[in-house]
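Take a look at the structure set out below.
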Protein chains: 2
Amino acid sequence: MENEGQGKGLHARVLETLGPEITAGDVPPGTVLRTDELAQRFDVSRTVIREVIRVLESMQLVASRRRVGVTVRPTEEWNVYDPRVIGWRLAGRDRPRQLRSLTVLRSAVEPVAAGLAAAHATPGQCAELTEHAMGMVATSRGQQLDAYLVHDMAFHRVILTASGNEMFARLADVVAAVLTGRTQHQVMFADPDPAAVTLHVQVAEAVRVGDAARAESLTRQITTGAMAELDVLAP
Amino acid sequence: MENEGQGKGLHARVLETLGPEITAGDVPPGTVLRTDELAQRFDVSRTVIREVIRVLESMQLVASRRRVGVTVRPTEEWNVYDPRVIGWRLAGRDRPRQLRSLTVLRSAVEPVAAGLAAAHATPGQCAELTEHAMGMVATSRGQQLDAYLVHDMAFHRVILTASGNEMFARLADVVAAVLTGRTQHQVMFADPDPAAVTLHVQVAEAVRVGDAARAESLTRQITTGAMAELDVLAP
DNA sequence: AGCCAATTAAGTATGACTTTTACATCACAG
DNA sequence: CTGTGATGTAAAAGTCATACTTAATTGGCT
């Protein structure tokens, strides 16, 4: 379990080592890396390293300049919306900060998405929504946090995709990660907030009847609740 | 002006050709590309093509599999938050749809960002804000759209960065692109909506005095106005 | 100060070799 | 005759080593 599985290609393995090192701050901004050294360190050819560098460069994590080397860029310039960067940061040292950033983003996006979903959701999506809301009710008591989480993530994914906005839809994974992170940090025996569960049911209903304003307002209550919860467990 | 400047490296030039072709839909999802064919087509070595493919893969535009080739992935899987993907799509065929998506995203994010800015903005940022709001007032009449745009973009950039949330801050370029796109599509002799100008001044003031609720509400009026404007000029 | 040359590290090209895997072929059992 | 499964082959990406090119930094020389 020391090395990541060798199933993937070489460049993927190198990337999965170097990326997290950078996002975690182990290789601080301004550091200069040389391709030859990296090739030596990972015992791969320079070709492989170059491909990794290209990907890291496309994430704005590094900048490559002739005669000087590969420089780690300052944090503010990183592509923080890249799923892999998000994943690495969530797995790394400043997971709390990252979780907070993402929760704020979620609190901005989800209410608007819910409002749009009320206008655009297909009957099938409405059905899924109520189904998952019911699932949340059913699993909200008695230490079934894992089962609850599955429904919660599915619920929010449907909302985001039913909004009909591709930018919102692509945040489904991020929201899922946030929800997972929150569950993992919660006390194991604490059941979800009953008020939140009720709100989800009401959102599903509002979307079904096409009440955009109500769907938005209710979802805003959910997300502000999530932020308040974050403040309580803040590190 | 036929070819993009040859100042950058080879892989950048190939990327700037292949990327837009994919995002524009000229190379529809499901299409398989072979690396040696691409190498032949662009008259570069396979090494260069491989690096391009890696970057395209990191944008989730393509997937590379052995024995089959490089497959263009379906639109829903693209990394639509990647700045280059956004740029390519804005430059391409479905620019209207993209502009609409981004405007909706903006309408979700900016009000929340403004609320946070009211709580976190430094005195310096408040000064910048009023300065640019004043600039907008000064350039709002008499076909000075370009000068107006500069202040508008700067204003919103300050709001987003002053929010203190890195995810919001990284959307400044996107918002700038949206504002630019809107200006370019407007009739050349139409001055900006006076109501919008007033709202910007009021937002700057609300942020300065730390009235988060008011800053959020005013900004929401700005963004809903922007969306309404989009509906009028909808293609 | 300003210019030129040397040096350094990334960028590119090429060719040989490895690994994975889709596909077709064939054998066998139902 | 058909469907299932084992097997072999070939195609394309993946990897490596090496030689060469290009740009930019550094430092020395005028």
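Within every chain, numbering begins at 1; the chains are lettered A, B, ... in the order of the sequence lines, protein sequences first and strands thereafter. Here the structure is a predicted model, which means the values were calculated and not measured.
Computed from coordinates, the A:Leu38 CG to D:dT15 P distance equals 16 Å when rounded to whole Å.
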- Whether each nucleotide of nucleotides 6-13 of chain C has a protein heavy atom under 4.0 Å at its base (B), only at its sugar-phosphate (S) or at neither (-) is summarised, 5' to 3', as -BBSBBBB
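Take B:Arg41 and apply the side-chain contact (heavy atoms from CB on, under 4.5 Å) test, not counting sequence neighbours, and it matches B:Thr17, B:Leu18, B:Glu21. Under the ring-ring contact (aromatic ring centres under 6.0 Å, His included) criterion, A:His11 pairs with no residue, sequence neighbours left out. Scored by the side-chain hydrogen bond (donor to acceptor under 3.5 Å, both in side chains) test, B:Ser101 finds A:Glu166 as partners (sequence neighbours excluded). The side-chain contact (heavy atoms from CB on, under 4.5 Å) search around B:Arg34 returns B:Asp36, B:Glu37, not counting sequence neighbours.
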Can I get a per-line list of side-chain donor-acceptor pairs under 3.5 Å for residues 120-128 of chain A, giving both atom names and the distance, sequence neighbours left out?
| residue | atom | partner | partner atom | Å |
| --- | --- | --- | --- | --- |
| A:His120 | ND1 | A:Leu116 | O | 3.0 |
| A:Thr122 | OG1 | A:Gln125 | N | 3.1 |
| A:Thr122 | OG1 | A:Gln125 | OE1 | 3.4 |
| A:Gln125 | OE1 | A:Thr122 | N | 2.9 |

